[in-house]
Each structure stands twice: as structure tokens, then as C-alpha cells.
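In this text, all values refer to a predicted model and were calculated from it rather than measured experimentally. Letters go in sequence order (proteins before strands), and every chain restarts at 1.
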Amino acid sequence: MENGLISVDRWESGSQAYFLTHLHSDHTQGLSSSWSHGPLFCSSITAKLLPIKFPRFDLSLLRILHIGTSHTLSLRSPSSSSTTTVRVTTFDSCHCPGSIMLLFRGDFGTVLYTGDFRWESNCEKAKIAKEALSAALQDDDGVDVVYLDNTYANPTYDFPSRSVAAQQAIDIISSHPEHDVIIGINTLGKEDLLLQIASVLDIMIWVWPERLQTMDLLGLPDIFTTDTTLTRVRAVPLYSFGADTLEALNLIRPTTRPTIGILPSGLPWIKKSLKKGEFLSGSFLTSRYKRSRPQSANNVEVHMDKQIGKTSPKVFHQHIYSVPYSDHSNFEELEDFIKLVKPTDLKGIVSISTCFIEPMYYFGRLCTGNQPVQVQQLHDRFKMKETDEIKGAVCPETSSEDDDVELNRSKESYKVKESGKRVATVSPETSSSEEDSVELDRNKMKALKVKLSGFRMRRFSALRRTRRGAKSSDLDYFDPDEQMGPS
DNA sequence: GCGATCAGGT
DNA sequence: CACACCTGATCGC
């Protein structure tokens, strides 16, 4: 959304007001400590966390948007030189701490920018946000455009609420009473998962020192620690979480306890780095429709198929479980959202993605614009997108539950093949067994690296570092001896 | 030396 | 298949 007036999660110069929906790095590309193109509007939590990511950021540029409030900005109209006003209302998007949804009203009409969001039907915060949005929309003629978090804008994405997924993680931990557990997380997000685990199992959760600082800034309960002796459950950075790490942890027994990994992820198709003769024969994208029973690691039985029709935990490595814990709305929630807002037009907001799901394909019938969406229109839109730098526009395969046979039949025509690498992988020359052996060699090399206590091993040992009794106030985050990773 | 960008990885 | 984000290389300033 750029018209010389405002930018949302975009940081090039040329706008008069900038909005940051949340602090994940795919939304801060172009933002830096030295950025100064204009005032930056964000939530109070984002403002609090921003200096961690951008230490020398000019804080006088920040403008706080409180949840549930409206602000009126006086800006210069880019076309004429007259003044124009933009009114912005802020809602909790329930994606990660500090994340917001923005409703803009101005000469350009009414535009709702969802940002990344998850509004679950069973979530109290989402319910409040929903009601606030409904109320805000009552004095409007309707929303002209919704910029939608279209990450899962396809009916194949049918995963449970976060609390249900968290319970699945808890069941996995409970069924491994003698194991250490590591959970892969990023620098922001999944805090509620950790809180639910800690509360139900009445245990503390280990986090790395920088993450503890974030937890403290967020004012979360005092259940996080940097002392490995206080708990068997550790949340570790996703980048240090892999089959290699788990294999290493389980190789050096009995020095350490046997360890399982839990990967909280909305991506149901996460595949492990495949080696021959191991558990899974196909990707999760296909296997989840086979109603296959999740295989349990180490022959420990896990009873977990309660959520019929919803994504269940998966084992994709001897020691790693995946639970469908997502901070993006699933298809059903997106559908409810569109039914509530009934926009005239709908656009997807994908940042770093090779897989763009056209939201109008499934939600077009819920919009109030020209109905129904014509095949040719969508086709044209895809073509436009592709020449317009969004690399590909793909409607993933779906089950045959679509009620609109006509659309379903012509689905193939919406697929736009991605150029470059993707094309190369389907070309006949590269599908030979020669490539397989290269792949195997690469895996061998990786395994060797671990065993030779190379880079990965050092990173792993950093994770195990004990910080006995450390509280965040005691920590010196800039002590190079305490930094994670190779020095 | 720093920031921006890209490639390659989990 | 890629939620988000890491490291490392390179390049321009």
C-alpha cells in the first residue's frame, strides 16, 4: 500500500507515515537503526521491543498506537498540494506480541490491512478485537479493500486452535517422562505455547539469554530461566534446531538424557532432510490426507488422533515431533473474517514467499465487488503479479471438496509455473540417480561435520551452557563470552 | 567498519 | 512445498 501517503511494513522513502504491524524480520526488511524516512507508528509492545532489533534506532520517530484507539493524521495529498486526513484504527491481530491490524479511512476510501493475524473462535482477545472491528465498521459504507494475511487461504489448511496444538505438545512431553525436550522457536512468538506447557506441567522453561530479555520486556510470568538444571524443557532458536542437533544430543548419552524435539509449526508439509530407509516415504502435504497414523518415536505410544479431520502431530524424524501450532489464521478463520468484513476487494499480503495463494479464488464469492470473479480476471491478475515481481502465483492442489465444480475444473489454468530453480528440478536431466548420490554425499558430509565437533557442535554446546541462577537483570548481553554461536 | 543484499541453510 | 530467521559472502560507501 503505497501512494506517497502511507506505507505499511514497507520502508522505502517517499511516504509521510510508516506503519509497522509487528517485529518479525520479513516485515522489517529495509528498516534499520539508521532509518529515518518519517514517523513510525506501531503498538506499544513493538515500540518496547524495537530497540533490541535496532539498537541505535531514533526513538523520537516512534508514534504509539494503542489497541482499540483511533488517530487522525494530517498529511499532504500527493496529487494536489492540499491537506488530507487519514484516520487509522488499531486492533490486536493476535499473531505475536505487539502485532496489530490497521483500519485506514481517507480520501482513498476504507482500507483494512490485517497484517499477519490469527483470530481464533475460542480466543478471548480475538473476540474483543472482532467486536471492536465490527463496531468500527458500523459507521462506514463498507470496506473497499482488505489486505489479507493469505498464508493459509486454501481449504487444505485445516489445523486446530493454538490451545489444542499446545495440548498436543503437552501430551508429547508427558508421554516422554524420562526425556529432555527441546522446542524450536524464533525471536518473537509462541510465548503462549510455552506458558501453557509450563502451567499445565508445572515446570519452568529454559530460554537463551536474549530470549529471556524479551520475555521480561513482555512482562510474562516468571517461569522462564536460563539455568538448564531447573527444567527438562528448553526452547531453543529454530536455526539451531535440526535433525543433526537431536542426533548429536542422543549420541552422547549417557552424558545427557535422551532428548526429543518439538517443532511448533503451521506448515503441515515440513519435511525433514530425507535419508533413505527412514520413517516417511512422502511429504506431509500428501501424507496428511492418507489418514496415516502418526508413527511414534522410540516406540513410545502417543495417543493423539483426537482431532479428526484436523492436522495432528507428526513424527518426521526419529526424535522430532511436529505440532500444528500456527500464528496465522487457518482457512476457516479467514473465511469467518471475510464474512464479517465483506470487503469489495481482497488482496493478499505475502512478503517472502514463493507460494502465493490468490485470496479471491476462494473468498471472492464473499466479497461485495463484481460477482462472481471471472476466470479471465483471475488469470489476468496472476499474469500481472508475475511480471510485477511476485515470482509465482500458485493455487495448491486441494481435496475434491470444492462445491464450485466449474472453478475446480479450471483450477489447473491458475497454476503459474515458477521460473528458475523450480523449472530446473522438473527438467529430465536433473532427475537422474546421479543427483541422488550427490544428495547422499551431502548428507554424509553434514553428519561428518557434527561428529568432528565442527560448527554445529559448538553451537549445540552453546545451547547447553549453564547459567546458574541467572536473572535477566544479572546478564550482560554484550559479553562476547556469553554470545551464542561460534566466536 | 557498517549496512544492504543475496545465497544457502534449519 | 518454506511460518521466520540464522550465517556467511560480497559489495558499495
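Under 4.0 angstrom from either OP1 or OP2 of dC5(C) there lies at least one side-chain N or O belonging to S25(A). Phosphate proximity of dC3(C) to H95(A): absent, as no side-chain N or O sits under 4.0 Å from OP1 or OP2.
Nucleotide dC5(C) holds its P atom 5 Å from the NE2 atom of H24(A), rounded to whole Å. The distance between atom CZ of F54(A) and atom C1' of dC5(C), rounded to the nearest whole Å, is 13 Å. To the nearest angstrom, P of dA4(C) lies 5 Å from CG of D116(A). Straight-line distance from the CG atom of D149(A) to the C1' atom of dC3(C): 10 Å, rounded to whole Å. Rounded to a whole Å, the NE2 atom of H27(A) is 10 Å from the P atom of dC3(C). Regarding F331(A), its CZ atom lies at a distance of 19 Å from the P atom of dC3(C), rounded to whole Å. The distance between atom OH of Y157(A) and atom P of dC1(C), rounded to the nearest whole Å, is 13 Å. Look at CG on D26(A): it is 9 Å from C1' on dC5(C), rounded to the nearest Å.
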Got a list of protein N/O to nucleotides 2-6 of chain B N/O distances below 3.5 Å?
residue : atom : partner : partner atom : Å
dG3(B)  : OP1  : R56(A)  : NH2          : 2.4
dA4(B)  : OP1  : S32(A)  : OG           : 2.9

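When atom types are taken as modelled, the side chain of D149(A) and the backbone of T114(A) share no donor-acceptor pair closer than 3.5 angstrom.
Taking every heavy atom of both residues into account, E120(A) and E333(A) meet most closely at CG-OE2, 3.5 Å. Of all heavy-atom pairs spanning S99(A) and C94(A), the tightest one is OG-N, 3.6 Å.
Scanning atom types as modelled, one donor and one acceptor separated by under 3.5 angstrom connect the side chain of S265(A) and the base of dC3(C).
With rounding to the nearest 0.5 Å, the separation of SG in C42(A) from CG in D9(A) is 10.5 Å.
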Full working for ring pair (Phe, Tyr, Trp, His ring centres under 6.0 Å) between Y113(A) and Y147(A): CA-CA 5 Å; Y113(A) 194 99; Y147(A) 288 83; 5.7 Å; yes

In residues 121-129 of chain A, what donor-acceptor pairs under 3.5 Å come from side-chain atoms, sequence neighbours left out?
residue : atom : partner : partner atom : Å
N122(A) : ND2  : S161(A) : OG           : 3.4

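Out of dC5(C), dC3(C), dA4(C), the shortest distance to the side chain of K190(A) is found at dC3(C).
The aromatic ring centres of F41(A) and F19(A) sit less than 6.0 Å apart.
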